[in-house]
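Just the heavy atoms: all of them, side chains too, but no hydrogens, waters or symmetry mates, feed the values below.
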Amino acid sequence: MEFKNLFEKFNNDGKLLLPNNSIHFSDIPWSKHATFDGVELKHLITAKQSGGQFSYHLVRIAPNMKIGNHTHMEQLETHEVIAGSGICINDNTELNYEAGVISILPKAIPHEVKAGMEGLYLFAKFIPALL
């Protein structure tokens with residue numbers, strides 16, 4: 001299976017299974033990022049749903065676009081790259097992003113993510129939840 005197809009599998013057929021509920025990812029709308037053009041988020045688990053403990057997001061960054069330099073003062077963030085390519089600048093270190101990469105971004109550390117020519121598709125997790 002191609003990695004882009006794996007992303008589409010999560011986007012269209014993915015689901016969160018809980019003991020008393022299931023949430024189909026296809027029922028969750030995409031939201032444009034409030035600050036960064038070419039970035040869209042699908043909020044799979046929100047602060048409200050987790051009691052503020054964590055949040056979980058499907059992220060797609062259009063080709064050659066970026067999530068600019070920013071810092072989360074209260075949250076540890078992780079990225080799991082599903083498809084595409086790009087780079088992450090994490091604490092002034094350039095990390096190559098490609099399918100299969102997991103990266104940890106500690107709280108209070110500046111970071112940014114730049115998509116390559118084919119775009120970048122990843123899961124982002126925040127602990128505690130991104131509000």
Side-chain angles (χ1 to χ4, degrees):
M1 173 183 286
E2 293 180 20
F3 290 115
K4 180 100 187 253
N5 289 340
L6 179 60
F7 176 82
E8 291 304 328
K9 180 77 173 164
F10 278 110
N11 184 36
N12 297 320
D13 301 325
K15 57 189 160 198
L16 172 64
L17 299 177
L18 302 169
N20 58 355
N21 191 15
S22 64
I23 300 168
H24 295 268
F25 297 164
S26 61
D27 294 336
I28 302 170
W30 284 98
S31 301
K32 292 184 184 286
H33 195 286
T35 306
F36 303 113
D37 290 336
V39 178
E40 294 180 293
L41 305 146
K42 189 174 271 206
H43 306 294
L44 304 177
I45 303 170
T46 65
K48 182 178 177 182
Q49 292 166 305
S50 73
Q53 294 180 54
F54 59 91
S55 60
Y56 199 31
H57 313 268
L58 194 55
V59 180
R60 65 180 171 198
I61 306 172
N64 302 309
M65 300 301 283
K66 69 178 182 176
I67 298 173
N69 192 26
H70 65 286
T71 304
H72 303 286
M73 296 308 292
E74 302 299 324
Q75 292 92 3
L76 173 128
E77 180 177 358
T78 66
H79 293 162
E80 299 168 17
V81 181
I82 303 168
S85 64
I87 61 167
C88 175
I89 309 295
N90 181 354
D91 197 17
N92 295 314
T93 301
E94 185 173 304
L95 308 173
N96 289 318
Y97 269 17
E98 61 185 10
V101 167
I102 295 174
S103 183
I104 299 171
L105 306 118
K107 70 179 183 176
I109 298 296
H111 57 279
E112 65 182 284
V113 180
K114 301 175 185 178
M117 293 182 5
E118 58 200 41
L120 187 59
Y121 307 86
L122 53 89
F123 282 115
K125 298 176 186 173
F126 295 87
I127 303 165
L130 190 63
L131 303 175

Should the ring pair Phe10 and Phe123 be called parallel, tilted or perpendicular, given that the plane angle runs from 0 to 90° and is split at 30 and 60? perpendicular
Before you tell me yes or no, could you show the steps for Glu112 and Ile67 under side chain to side chain contact (heavy atoms under 4.5 Å, CB included), namely the whole-Å CA-CA distance, both residues' side-chain angles and the distance that decides it to 0.1 Å? CA-CA 6 Å; Glu112 65 182 284; Ile67 298 173; 5.8 Å; no
Are Lys125 and Glu80 ion-paired here, with the side-chain N under 4.0 Å from a carboxylate O? yes
Could you grab the distance from atom CG of Leu16 to atom CG of Leu18, nearest 0.5 Å is fine? 4.0 Å
Decide yes or no for Trp30 and Asn11: does some side-chain heavy atom of the first lie under 4.5 Å from some side-chain heavy atom of the second? yes
Treating Ile, Leu, Val, Met, Phe, Trp and Tyr as nodes and any side-chain heavy-atom pair under 4.5 angstrom as an edge, say whether Val113 and Val59 lie in one connected cluster. yes
Is a side-chain donor or acceptor of Asn12 paired with a backbone partner of Glu8 at a separation under 3.5 angstrom? yes
Do His57 and Ser55 have side-chain atoms, one donor and one acceptor, less than 3.5 Å apart? yes
Does the side chain of His111 reach to within under 4.5 Å of the side chain of His70, using non-hydrogen atoms? yes
Looking at Leu120 and Gly84, what are the two nearest heavy atoms and their distance? CD1-C, 4.0 Å
Sidechain-backbone polar pair: Asn90 side chain, Ile104 backbone, donor-acceptor under 3.5 Å: yes
Is there a side-chain contact between Val39 and Asp37, using heavy atoms and a 4.5 Å cut-off? no
Approximate separation, where rounding is to 0.5 Å, of Tyr121 OH and Arg60 CZ: 7.5 Å
Check whether any side-chain heavy atom of Gln75 sits under 4.5 Å from a side-chain heavy atom of Lys107, and report yes or no. no
Do His72 and Glu74 get their side chains close enough for a donor-acceptor pair, meaning under 3.5 Å? no
Check Lys42 against Ile28 and note the closest heavy-atom contact, atom names and distance. CE-O, 3.0 Å
In this structure, are over 12 heavy atoms from other groups packed under 6.0 Å from Glu98 atom CD? no
